[in-house]
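Notes follow the structure.
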Amino acid sequence: AGYDGPVRAVMMAGGKSRRLGYDKLLLSACGLPLIFIMYLKYSGIVGKPLVATDRDHVNGLSFLKFLGASVIVTPGTSYPDDVKFLLDVIQEPMLLLSADTIFLRREHIKRFLSLVKEKSVAAAVIKDNRTVLVGLNYVVPEDPEGQVVLLDDPELARSINVMSDLEAFKRWILQNGCFSLLQ
């Protein structure tokens with residue numbers, strides 16, 4: 001019947017933002033940094049997540065402590081390395097939520113968790129005949145690789161990686177309003 005117990009939620013908030021040219025998590029959306037909005041959103045869905053970031057971002061995210069966030073500093077060498085580090089330190093199953101998966105909603109997370117058993121799972125969607133990982137993972141120490149499950153909302157493939165993504169995101173906010181970011 002899927003995963004139904006408590007799970008430690010971790011918001012992955014590192015990355016280099018090389019393709020965009022500046023730190024996308026500090027981008028202003030509706031007058032607030034995107035990372036602030038995503039932390040509030042995830043807190044409302046899964047409880048206050050642990051924030052995982054690298055040493056290059058830790059000082060810039062210190063304002064999240066105002067919201068009661070706990071921050072853990074990861075090596076920052078790669079997403080898989082950071083996940084391995086978190087598994088080694090925390091040693092329990094975790095729900096990983098990327099801080100830039102802006103279209104991820106409560107129903108996506110609920111559906112994903114219903115598919116989780118006792119193994120690691122990564123969420124993906126099909127977009128343009130490709131399988132695209134969407135920054136939603138459940139990882140367990142005994143099975144760090146896991147499998148992929150498909151969700152049925154191709155909009156989850158969208159994130160902010162290049163300037164055209166940022167422009168599309170701004171248009172989306174104008175059409176849907178700021179409150180929609182928190183849903």
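What you see is a predicted model; the values in this text were computed from it and never measured.
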| remark: For Arg55 and Val73 the tightest heavy-atom approach is N-CG1, 3.7 Å
| Between Leu95 and Leu113, is any pair of side-chain heavy atoms under 4.5 Å apart? | yes
| Shared hydrophobic cluster for Leu61 and Leu86 (ILVMFWY, side-chain gaps under 4.5 Å) | no
| message | For a quick test of reading the model, state the closest non-hydrogen atom pair linking Gly44 to Arg106 and the distance between them. | response | O-NH2, 3.1 Å
| request: Give the minimum heavy-atom separation between Ala13 and Val51, together with the two atoms involved. | output: CB-CG1, 4.0 Å
| message | If hydrophobic clusters are built from ILVMFWY residues whose side chains come within less than 4.5 Å, do Leu156 and Met38 share one? | response | yes
| message | Could you report the tightest heavy-atom contact between Val125 and Asp153, atom names first, then the distance? | response | CG1-O, 3.3 Å
| Set of residues satisfying side chain to side chain donor-acceptor pair (under 3.5 Å) with respect to Thr74, sequence neighbours excluded | Asp82
| request: Give a yes or no on whether Phe103 and Ile45 share a hydrophobic cluster (residues Ile, Leu, Val, Met, Phe, Trp, Tyr; joining criterion: side-chain heavy atoms under 4.5 Å apart). | output: yes
| field | For Lys170, all residues meeting side chain to side chain donor-acceptor pair (under 3.5 Å), sequence neighbours excluded | value | none
| Leu50 CG to Leu97 CG distance, which is reported to the nearest 0.5 Å | 11.0 Å
| message | Once salt bridge (charged side-chain N to carboxylate O under 4.0 Å, His left out) is applied, do any residues pair with Asp81, and if so which ones, sequence neighbours excluded? | response | none
| said: Nearest 0.5 Å, please: how far is CD1 in Ile37 from SG in Cys178? | reply: 7.0 Å
Could you list the donor-acceptor pairs under 3.5 angstrom formed by side chains in residues 128-137, with sequence neighbours left out?
residue, atom, partner, partner atom, Å
Asn137, ND2, Tyr79, OH, 2.8

| message | Under the rule for side chain to side chain donor-acceptor pair (under 3.5 Å), what residues qualify as partners of Glu107, not counting sequence neighbours? | response | Arg105
| query | How would you list, by chain and number, every residue that makes a ring-ring contact (aromatic ring centres under 6.0 Å, His included) with Phe112, sequence neighbours excluded? | reply | none
| note | dist Gln147:CD -> Lys117:NZ (nearest 0.5 Å) comes out at 9.0 Å
| side chain to side chain contact (heavy atoms under 4.5 Å, CB included) against Arg111, all qualifying residues, sequence neighbours excluded | Ser114, Leu115, Leu151
| Of all heavy-atom pairs between Lys48 and Ser43, which one has the smallest distance, and what is that distance? | CA-OG, 3.6 Å
| field | Pro49 to Tyr42 - nearest heavy-atom pair and separation | value | CG-CB, 4.1 Å
| Are Ile109 and Val10 connected, step by step, through hydrophobic side chains (Ile, Leu, Val, Met, Phe, Trp, Tyr) whose heavy atoms are closer than 4.5 Å? | no
| query | Listed by chain and number, what are the salt bridge (charged side-chain N to carboxylate O under 4.0 Å, His left out) partners of Asp152, not counting sequence neighbours? | reply | none
| field | Those residues that, when tested against Lys65, pass salt bridge (charged side-chain N to carboxylate O under 4.0 Å, His left out) (two or more places apart) | value | none
| note | One should read off an interatomic distance between Ile126 CD1 and Leu150 CG, to the nearest 0.5 angstrom, of 5.0 Å
| task | State yes or no: do Leu32 and Ile173 share one hydrophobic cluster built from I, L, V, M, F, W and Y residues joined by side-chain heavy-atom distances below 4.5 Å, directly or via other members? | result | yes
| What's the spacing between Asp54 CG and Phe85 CZ if we round to 0.5 Å? | 11.5 Å
| message | According to side chain to side chain donor-acceptor pair (under 3.5 Å), who are the partners of Glu92, at least two apart in sequence or on a separate chain? | response | Arg8
| remark: Across all chains, not counting sequence neighbours, the side chain to side chain contact (heavy atoms under 4.5 Å, CB included) partners of Leu87 are Val83, Met94, Val139, Pro141, Pro144
| Among all residues two or more places apart in sequence or in another chain, which pass the side chain to side chain contact (heavy atoms under 4.5 Å, CB included) test with Leu67? | Phe36, Tyr39, Leu40, Leu64
| query | Would you find a donor on one side and an acceptor on the other, under 3.5 Å apart, between the side chain of Ser98 and the backbone of Met12? | reply | no
| query | What's the verdict on side chain to side chain contact (heavy atoms under 4.5 Å, CB included) for Val89 and Ile72, showing C-alpha distance, side-chain angles and the deciding distance? | reply | CA-CA 10 Å; Val89 170; Ile72 185 167; 3.9 Å; yes
